[in-house]
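Every number for a ligand or one of its atoms is a count from 1 in the order of the listing.
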Amino acid sequence: MPTNSARYSKIMIVIHWLTALAVVGAWLTSEGGRHMVENPPLLHFSLGLAVLVLIVPRLILLLTGGAPDVGRKRDRLAIATKAGHVALYLFLIALPLTGWYAASRMGVPVSFFGLELPAIAAPVKGRPGLIAELHENAGTFILYVAGLHALMALWHQFVLRDGTLQRMSLR
Ligand code: HEM
Ligand code: HEM
């Protein structure tokens, strides 16, 4: 396997690691159930929304050539890598949006590090609904997907020795 140490741009690398920290932070500060109406987990909201904020410049950079060419043939491994990254991006967009929706349905005010945001759905009295349940389950599932992604990155680096980890490192 040829080495491909062409790096992501510095800003893409910083966004990658900030996003990873925000996802883990959002998971660690998450809670469910109606008691969150009295005591909303504001840090969970802020860290989760940071993921959504960070995805905007990230996608713009990605679409304008901020990611290096994978430099491999369009083989199965390259296609699986792309599919894995697309899945991660879908989670990174869907999770904060479904969380925001769930909070709105529960009538819980949402803020982003002190900045109050509008509700994106009308509040309901009973259970917040299917999207809230999807959010709770996907919120944990993304950690499995990201864990598999990290294992694949380590496998590339230490078994295939193709320099993958350097592509996402500042030094
Ligand atoms: C919640 C945690 C994480 C998320 C959401 C995440 C997400 C992503 C995404 C979406 C990409 C694709 C970038 C692009 O081409 O646009 C990527 C690339 C990459 N990630 Fe992560 N990542 C996480 C954690 C990690 C960890 C822990 C490692 C290292 C062990 C890692 C190593 C890499 C590497 C090396 C690449 C570049 C792969 C390549 O270009 O072939 N990531 N990550
Ligand atoms: C990457 C970002 C996020 C992750 C990983 C995540 C993860 C989770 C997890 C695992 C739960 C279930 C906790 C439990 O049942 O004990 C949860 C619940 C919840 N999250 Fe998030 N979340 C994220 C973003 C957000 C955002 C941005 C908001 C709101 C603006 C939000 C609002 C909520 C609400 C309201 C619940 C409770 C839902 C219910 O009880 O039905 N989340 N989140």
Heavy-atom proximity to [atom], best of [options]:
{"atom": "atom 3 (C) of ligand 1", "options": "A153, G84, A20, A150", "result": "A20"}
{"atom": "atom 14 (C) of ligand 2", "options": "A26, G32, G25", "result": "G32"}
{"atom": "atom 24 (C) of ligand 1", "options": "H149, Q166, R167", "result": "H149"}
{"atom": "atom 5 (C) of ligand 1", "options": "I13, T81, I15, L92", "result": "L92"}
{"atom": "atom 8 (C) of ligand 1", "options": "R58, M152, M12, M168", "result": "R58"}

Provide, to 0.1 Å, the distance between [atom] and the closest protein heavy atom, together with that atom's residue and name.
{"atom": "atom 37 (C) of ligand 2", "value": "M36 SD, 3.3 Å"}
{"atom": "atom 15 (O) of ligand 2", "value": "E136 OE2, 2.9 Å"}
{"atom": "atom 40 (O) of ligand 2", "value": "G33 N, 2.9 Å"}
{"atom": "atom 11 (C) of ligand 2", "value": "S30 CB, 3.6 Å"}
{"atom": "atom 31 (C) of ligand 2", "value": "G99 CA, 3.4 Å"}

Worksheet item: Considering only heavy atoms, does L49 approach ligand 2 within less than 4.0 Å through its side chain, its backbone, both, or neither?
Response: both
Fill in: ligand 2 contact on E133 by region, counting heavy-atom pairs under 4.0 Å
neither
Worksheet item: Measuring from I93:CD1 to I55:CD1, what's the distance to the nearest 0.5 Å?
Response: 5.0 Å
Response to the item:
Logged contact type for W17 with ligand 1, heavy-atom cut-off 4.0 Å, is side chain
Worksheet item: With a 4.0 Å cut-off on heavy atoms, is V108 touching ligand 2?
Response: no
Go through ligand 2 atom by atom and flag the ones less than 4.0 Å from a non-hydrogen atom of [X].
{"X": "G48", "result": "2 (C), 24 (C), 27 (C)"}
{"X": "V110", "result": "30 (C)"}
{"X": "P128", "result": "41 (O)"}
{"X": "M106", "result": "35 (C), 39 (C), 40 (O)"}
{"X": "W100", "result": "28 (C), 29 (C), 30 (C)"}
{"X": "A103", "result": "35 (C)"}
{"X": "A132", "result": "41 (O)"}
{"X": "W27", "result": "10 (C)"}

Taking side chain as C-beta onward, heavy atoms only, is [X] less than 4.5 Å from [Y]?
{"X": "E31", "Y": "N39", "value": "no"}
{"X": "L77", "Y": "L160", "value": "yes"}
{"X": "T29", "Y": "P41", "value": "no"}
{"X": "R58", "Y": "H16", "value": "yes"}

Heavy-atom pair with the smallest gap, counting every atom of [X] and [Y]:
{"X": "A22", "Y": "V51", "result": "CB-CG2, 3.7 Å"}
{"X": "A121", "Y": "Y101", "result": "CB-CE1, 3.5 Å"}
{"X": "A103", "Y": "F45", "result": "CB-CZ, 4.1 Å"}
{"X": "A67", "Y": "L62", "result": "CB-CD1, 3.6 Å"}
{"X": "M106", "Y": "V37", "result": "O-CG2, 3.9 Å"}
{"X": "L47", "Y": "G25", "result": "CD1-C, 3.6 Å"}

Worksheet item: What is the NE2(H135)-atom 21 (Fe) of ligand 2-NE2(H44) angle, to the nearest 10 degrees?
Response: 180°
Do [X] and [Y] share a hydrophobic cluster (ILVMFWY, side-chain heavy atoms under 4.5 Å, transitive)?
{"X": "L90", "Y": "L59", "value": "no"}
{"X": "L134", "Y": "V145", "value": "no"}
{"X": "L151", "Y": "V23", "value": "no"}

Practice prompt. Please indicate whether any nitrogen or oxygen in T164 is less than 3.5 Å from any nitrogen or oxygen in ligand 1.
Written response: no
Item to complete: Using distance alone, determine whether H16 and ligand 1 share an N or O pair under 3.5 Å.
Response: yes
Discussion item. Check contact between T19 and ligand 1, using heavy atoms of the residue and a distance below 4.0 angstrom.
Written reply: no
Discussion item. Heavy-atom contact check, 4.0 Å cutoff: does Y8 meet ligand 1?
Written reply: yes
Discussion item. One pair to check against side-chain contact (heavy atoms from CB on, under 4.5 Å): W17 and I13. What are the steps and the verdict?
Written reply: CA-CA 6 Å; W17 293 112; I13 296 173; 3.7 Å; yes
Discussion item. Heavy-atom count check: over 12 atoms from other residues, nucleotides or ligands less than 6.0 Å from E38 CD?
Written reply: yes
